[in-house]
Each structure stands twice: as C-alpha cells, then as structure tokens.
> 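What follows is a structure written as structure tokens; I'll ask about it next.
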There are 2 protein chains.
Amino acid sequence: MAGIKDVAAAAGVSTATVSRALTPGGRVSATTRERVETAATRLGYVASSLGAGLATGRTRNIGVIVPLIDRWFYSQVVGGIAVTLQDLGYDLTLYNTALKAGQDERIFHDYLYRRQVDAVISVSMQLKEQDASFLRSVGRPAVGIGFSLEGLSTVGVDDYAMAHQATTHLTGLGHRDIAHVSGGRVVAENYSLIGQRQRGFADALAETGTGVNASWVVESDFTIADARAKISALLGSGRRPTAVFCDSDEMAIGGMLAASQLGLRVQEDVSFIGIDGHELGEAMGLTTISQAPGEQGRIAAQTLLRSLSPESTADDLRAGHQLVESSLVVRSSTRRL
Amino acid sequence: MAGIKDVAAAAGVSTATVSRALTPGGRVSATTRERVETAATRLGYVASSLGAGLATGRTRNIGVIVPLIDRWFYSQVVGGIAVTLQDLGYDLTLYNTALKAGQDERIFHDYLYRRQVDAVISVSMQLKEQDASFLRSVGRPAVGIGFSLEGLSTVGVDDYAMAHQATTHLTGLGHRDIAHVSGGRVVAENYSLIGQRQRGFADALAETGTGVNASWVVESDFTIADARAKISALLGSGRRPTAVFCDSDEMAIGGMLAASQLGLRVQEDVSFIGIDGHELGEAMGLTTISQAPGEQGRIAAQTLLRSLSPESTADDLRAGHQLVESSLVVRSSTRRL
DNA sequence: CTGAAAGCGCTTACAG
DNA sequence: CTGAAAGCGCTTACAG
C-alpha cells in the first residue's frame with residue numbers, strides 16, 4: 001500500500017507538499033497539484049486515516065449508539081444516518097448497547113475516549129447530564145434521538161402527542177373501551193417514551209370522561225410474537241375492549257393476527273391503531289401514527305455535521321430539540337363504533 | 001482527556017512502562033502494574049486507538065459492507081456480526097454499498113486503503129478476484145457472506161438447494177402450477193443467489209416432468225409492497241397458479257395479502273412458501289425455508305476473528321466455504337392440492 | 001523489570 | 001509556493 005512518501009518520491013516533492021496538494025484548501029501551484037494528483041492516482045494512494053487523525057485530531061468517523069441494530073425502528077434510523085454520513089464522506093461506527101446490559105458507561109469510556117470518533121449520535125439511549133458536559137468540554141458534539149436533554153441537541157417526535165392523537169382518533173370514533181399495549185416490558189430505565197405515551201393515552205381518555213382500565217394496559221416488548229400472545233389473552237377472556245392502541249405497528253400487527261385467530265374481525269369487532277409507519281402496516285391496512293425514523297436519523301446526522309463544520313455559526317451550535325412531524329394515517333383497521 | 005503521559009507522570013514511570021502494564025502480555029512487576037492501573041483508572045485513561053493503531057498496525061476495527069442496513073435480512077446479519085465483534089472488543093464500521101451505485105470499488109479504495117480496518121466482512125457484495133488477492137497481500141483477512149469465491153473464506157446457505165427444497169415441498173403436495181417470485185429486479189449483477197434459486201426452482205419442477213411457465217416467473221425487489229402488486233396481477237388474471245414460491249418471506253407475505261384482497265383463501269385456493277425465517281412469517285403461518293441470517297453473521301465474524309488472532313493455525317486460515325444449514329418450516333400457508 | 005529512543009503516517013506552523 | 005522539522009499518542013525492539 002502506497003504511503004505519502006511514495007507519492008512524494010514519485011512526484012518529486014516533499015511529503016508536506018503532497019499533503020497540501022491533496023487537501024481541498026491547500027496552497028500549492030496548479031502544476032504541482034496536478035503532478036501530485038497524477039502520482040497519487042497511479043499509486044492508488046489514500047491518506048491513512050490514522051496518521052491524518054493523529055495529526056489533525058479529526059477522524060471523520062461518527063459513533064452511532066443504538067440499543068439493537070436488528071430491530072426495525074433502529075435499522076431505519078441508522079439507515080437515515082448512514083445516507084447522510086456517507087454523502088459527506090464520514091464513516092459510521094456502530095455500537096449496540098443492549099448487547100451488554102449495564103455497560104452503557106463503558107461504551108463512552110472505551111469507545112469515545114479512545115478518540116476514534118469525532119462525534120456521537122445516541123439513539124434512544126438517554127445521555128446523562130455528565131456525559132453531555134464531558135462531550136462539550138472535549139469539543140466532541142453529540143446529538144440524541146428519541147429523548148431530550150438540557151444542553152444537548154436532540155431530535156425526536158412528541159411521544160405524548162402521538163399517544164394522545166392515536167387515542168383521540170379512537171375516542172373520536174366512539175370508542176371508550178380501549179386497551180393500551182405499552183412497550184414497557186423492554187429493558188429501559190431510559191426510555192422516557194414509555195411514560196409519555198402512557199400519559200398521552202390516559203389524558204386523551206380522561207378528556208372523554210373515561211378512566212384507564214388497568215387490566216387493559218398490558219406491557220409487551222415491541223415484537224409481533226409477544227404482543228400477539230398478550231393481546232390474545234386480552235381479547236380472549238372476560239369483557240373485551242373495542243379498540244387497542246399499540247406502541248408499535250409490529251405489536252398492532254400481532255394484535256390483528258391474534259384477533260383473527262380468535263375468530264374476531266379486525267375493524268368490525270375490534271379496532272387497532274399502532275405507531276411507526278412500518279411498511280407492513282401499510283400492507284395490512286393498519287391505521288397508525290407514522291413517525292418516519294429514517295427522517296429522524298437524517299436530521300440528526302445533518303445537525304451533527306453542521307456543528308462539526310468549521311463554518312458553523314453560533315446558531316448551528318445552539319443545543320435544542322428538533323421536533324419531527326408525525327402524522328395520523330387512517331387505514332382500515334379502525335372504524336366507528 | 002488523559003493521555004499516556006499523564007498516567008506515566010501520575011504513576012512515576014515511563015510511558016513505555018505504562019503501555020506494558022496495560023497490555024495483557026506486558027512484562028512488568030506486579031507492583032508497577034498495580035500502580036499504573038490505579039493511576040489509569042483514576043484518570044479515566046484509555047489508550048487512543050489512533051496512536052495504538054499507528055504503532056501496531058492493528059485498529060481492532062472491522063469493516064462491514066452491506067447493500068442496505070435498513071432491510072430486514074441485512075440488519076439481522078449485522079446484528080449477528082455485532083454481537084460477536086463486541087464480545088471480543090472489536091469495533092464495527094458500517095458501509096452501505098447501495099447508497100452510491102457503482103461505487104463499490106471506491107469503498108475498497110477509500111475505506112479499506114485508509115487502513116482503519118483490520119479486516120472486512122462483505123455481505124452479498126461479491127468481492128472480485130483482485131480484491132481478494134489484494135486483501136491477502138496486505139494481510140487483511142476478509143470473509144464473504146452470501147457468495148463464494150476461490151481463495152476467500154465465505155459463509156452462506158445453499159441457495160440452489162433451498163429453492164429446490166421449497167419447490168419440491170410444493171410438488172410433493174401435488175402442485176404443478178407453481179409461480180416463482182424472484183428477487184431479480186434488485187440492482188444486482190453480483191447476487192448469484194438469484195440465478196441459483198431460479199435453477200433450483202426449474203430443476204425441481206423438471207423432476208416432476210413439468211416445465212417452467214415463463215409468465216409465472218415474475219421479478220420483484222424483496223419488498224412486501226412490490227411483491228404484493230406483482231402477485232396481485234399474477235393471481236388476478238387468466239389461469240392461476242395453485243402455489244407461489246417467493247424468494248423472501250416479505251414477498252410471500254405481500255402475496256398472502258394480495259390473495260386475500262382478491263377474495264382468495266391462502267392455503268385453500270393458493271399456497272405460499274417463502275425463504276428467510278422472518279418473525280412475521282411465523283406470526284402469519286407462512287411456510288418457509290429458514291436461513292438464520294443472524295447465525296450467518298455470527299459465523300462469519302467468528303471465522304474472521306479466528307484468522308486475526310495471533311495463535312491462528314494454518315487450518316484457521318484456509319479459505320473455504322462454510323455452509324449454514326437452512327430448514328423447511330411447514331406452517332399453514334401450504335397444503336395438499 | 002524498566003527507560004530512552006525510534007518509528008508508525010500524516011499535517012501544519014515556521015522559515016525561506 | 002515549498003521544504004525541513006516538530007508533533008499527534010502510542011508501542012516495541014534495544015540496552016541496561
């Protein structure tokens with residue numbers, strides 16, 4: 001593999017000149033630049049990011065922290081981040097926090113402190129106040145997705161509003177006996193979304209003068225299989241809710257499958273509404289609150305890159321929470337009572 | 001952020017000793033090691049991977065190349081790779097090839113040559129002979145998933161056999177009018193799996209003395225939505241197949257939805273079989289050939305790590321193809337004609 | 001067992 | 001515009 005010395009020798013210049021010729025803003029004569037570029041191309045030279053990183057303190061590598069890459073929501077978010085990063089020539093280093101329970105702190109310590117990333121995007125994992133201030137102090141910007149924190153740039157949807165809107169859609173159709181399948185069973189002290197959605201659900205119900213029926217609030221783990229079992233139990237015994245609000249489309253789909261296995265008709269006998277905008281929900285006619293995870297990833301990456309660019313203004317660096325629009329998509333799984 | 005010098009000063013030793021004390025095999029006295037470790041912990045010191053990488057030539061970072069991280073199959077594979085890598089303290093840098101069409105070569109050039117990765121795992125993207133020999137020549141091992149190549153370690157399922165088995169399952173149930181929804185429409189000169197599955201399908205059919213009906217071979221793109229449209233057209237006009245074999249579970253699900261929208265009953269009127277082992281197929285009673293993508297990722301990562309370890313034997317380094325078992329899972333979407 | 005020194009591959013003031 | 005030199009943060013022979 002050709003190094004900078006090889007290129008310098010081939011072009012008959014110093015390594016300093018090679019470096020300048022190959023850097024966008026570098027001051028070199030046009031002829032020298034051309035000579036260097038020719039040599040570099042011929043030798044297939046690309047600057048080692050280790051050498052460059054050590055010299056400049058920048059690696060052009062962004063750390064992305066997600067609970068689990070093989071879950072739909074996170075894979076969509078990372079997809080959105082990846083598009084944006086790759087467009088600008090940044091690398092993406094992926095960390096899964098759920099793989100080692102309780103190791104969140106170590107991830108910061110072992111990975112971030114190793115200085116191989118210029119910045120980090122934390123998805124769903126709520127950064128601590130101290131992490132955020134540490135990042136600020138070492139000039140490593142960070143952006144959070146799915147939560148908000150004083151002093152940190154974050155992007156996310158309004159979980160309270162989404163749950164409220166979903167529930168109101170159901171109450172607007174005349175439903176009062178509504179169950180809520182919450183994502184609460186997931187390992188998640190940090191997932192504030194769980195609580196916000198529960199409040200949104202309860203408040204929307206209260207607005208119609210109805211209270212939450214505790215036995216109709218069940219906790220599941222965002223997967224089809226588990227939700228299906230839970231909802232099957234819910235619909236199969238005693239008094240039945242007329243509608244079910246699920247914290248994810250996958251869980252709602254589990255519910256639809258459970259209902260039809262019990263001989264109930266989705267829509268006629270029981271309405272379902274989810275949250276996500278999963279392509280499968282579209283295929284199955286599921287009413288949902290779509291929250292565009294890929295878009296959240298894109299926005300977060302753009303925000304981060306902006307704060308990383310040398311021309312970033314104070315405005316770009318001001319921490320704040322960017323709200324991503326979610327929208328109610330009415331399909332055939334919900335109907336007037 | 002504390003550097004090695006800070007630790008050296010705090011422990012009253014040289015940086016060389018700090019380095020040795022913190023390296024597993026380093027020769028230092030027990031008391032010195034303890035003193036250094038205490039200082040390092042107190043200062044929150046972690047060796048910079050840039051410095052260490054430059055000095056050792058190893059970064060403990062593996063490049064993982066996938067077409068698109070937000071597709072189910074790839075997110076599962078990457079999940080399997082991530083578990084294994086993280087367990088051993090390796091980082092994972094993710095590259096999406098589909099984001100820049102025709103840039104496959106650049107990925108090698110710009111990323112791999114930058115030497116920030118010790119090795120690479122290429123998923124579905126068939127490495128060229130020259131890439132493989134380049135990697136060998138620079139001592140960077142590579143493992144491929146989903147294809148095989150002379151001189152390269154690869155892991156994958158037997159696509160021909162899977163298609164053959166799926167089709168034989170259908171013919172064994174008496175079906176002869178069988179459609180094949182192929183993944184062929186995807187950008188994929190490299191995806192040899194498409195051709196192999198088409199051959200497996202044709203051969204299994206031929207064994208019953210039946211020929212392929214060309215108008216029943218349709219190309220889709222592995223998504224639910226597209227397959228649904230294609231299969232809807234297929235089932236809605238003219239003579240209908242009695243069974244449909246799909247290259248992915250998601251496409252088969254699209255087919256099941258298309259069928260029921262047309263008023264056809266899955267199983268009674270038309271059987272469906274897919275390939276993958278997607279959790280959704282399980283929920284919907286889809287018969288499938290399960291291929292454990294997470295497992296493929298795990299095996300690939302283990303193979304790579306083995307060849308990276310200093311104690312690796314010649315045996316570990318021998319390139320070869322590891323076949324991952326796939327298995328027929330019969331559920332309710334297929335039935336005897 | 002430990003330290004001084006060289007070197008990994010770059011970039012960037014500093015001179016000229 | 002260009003080069004020599006220092007330095008980024010480590011590791012590892014080489015001596016002792």
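Here the structure is a predicted model, which is why all the values come from computation and not from measurement.
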> On DNA chain D, check which nucleotide each of Gly12(A) and Ala55(B) is closest to and give me the residue with the more 5' one.
Gly12(A)
> Going by the rule side-chain hydrogen bond (donor to acceptor under 3.5 Å, both in side chains), which residues pair with Asp70(B) if we only count those two or more places apart in sequence or in a different chain?
none
> Residues from residues 23-34 of chain A sitting under 4.0 Å of DNA chain C, heavy atoms only?
none
> The criterion is side-chain contact (heavy atoms from CB on, under 4.5 Å); which residues satisfy it with Ile145(B), sequence neighbours excluded?
Val77(B), Ile81(B), Ile121(B), Val123(B), Gln296(B), Ala300(B)
> Kindly write out the residues that satisfy side-chain hydrogen bond (donor to acceptor under 3.5 Å, both in side chains) with Ser75(A), not counting sequence neighbours, or none if the list is empty.
none
> Return the set of residues passing side-chain hydrogen bond (donor to acceptor under 3.5 Å, both in side chains) with Glu37(B) (not counting sequence neighbours), or none when no residue passes.
none
> Tell me yes or no: between the side chains of Asp118(B) and Thr59(B), is some donor less than 3.5 Å from an acceptor?
yes
> Base, sugar-phosphate alone, or nothing: which one does Val18(A) contact when heavy atoms must sit under 4.0 Å apart?
nothing
> Name all residues meeting the salt bridge (Lys or Arg N to Asp or Glu O under 4.0 Å) criterion together with Arg298(A); count only those two or more places apart in sequence or in a different chain, and write none if there are none.
Glu295(A)
> Can a side-chain donor-acceptor contact be found between Gln302(A) and Thr84(A) if the only test is distance below 3.5 angstrom?
no
> Sequence neighbours left out, what passes side-chain contact (heavy atoms from CB on, under 4.5 Å) with Ala16(B)? Give chain and number order.
Ser14(B), Arg20(B)
> Please state whether the phosphate of dG9(C), meaning OP1 or OP2, lies under 4.0 angstrom from any side-chain nitrogen or oxygen of Ser48(A).
no
> Whether Thr17(A) contacts dG3(D) is assessed here as follows: a side-chain N or O lying under 4.0 Å from the phosphate OP1 or OP2. Is that the case?
yes
> Of all residues at least two apart in sequence or in a different chain, which pass the side-chain hydrogen bond (donor to acceptor under 3.5 Å, both in side chains) check with Thr32(B)?
Ser29(B)
> Check nucleotides 13-16 of chain D against the protein and report each pair of N or O atoms closer than 3.5 Å, with its distance, or say if there are none.
residue : atom : partner  : partner atom : Å
dA13(D) : N6   : Arg20(B) : NH1          : 3.3

> Taking only residues two or more places apart in sequence, or in another chain, which ones meet Glu34(A) in a side-chain contact (heavy atoms from CB on, under 4.5 Å)?
Thr38(A)
> How would DNA chain D look in dot-bracket form, 5' to 3', counting Watson-Crick and G-U wobble pairs with both distances under 3.5 Å and writing | for bases paired to another strand?
|||.||||||||.|||
> Does Thr56(A) have any side-chain contact (heavy atoms from CB on, under 4.5 Å) partners at least two apart in sequence or in another chain, and if so, which?
Arg58(A)
> How long is the line joining OH of Tyr45(B) and P of dG9(D), in whole Å?
10 Å
> Pick the nucleotide of DNA chain C nearest each of Ser14(B) and Lys5(A); which residue has the one closer to the 5' end?
Ser14(B)
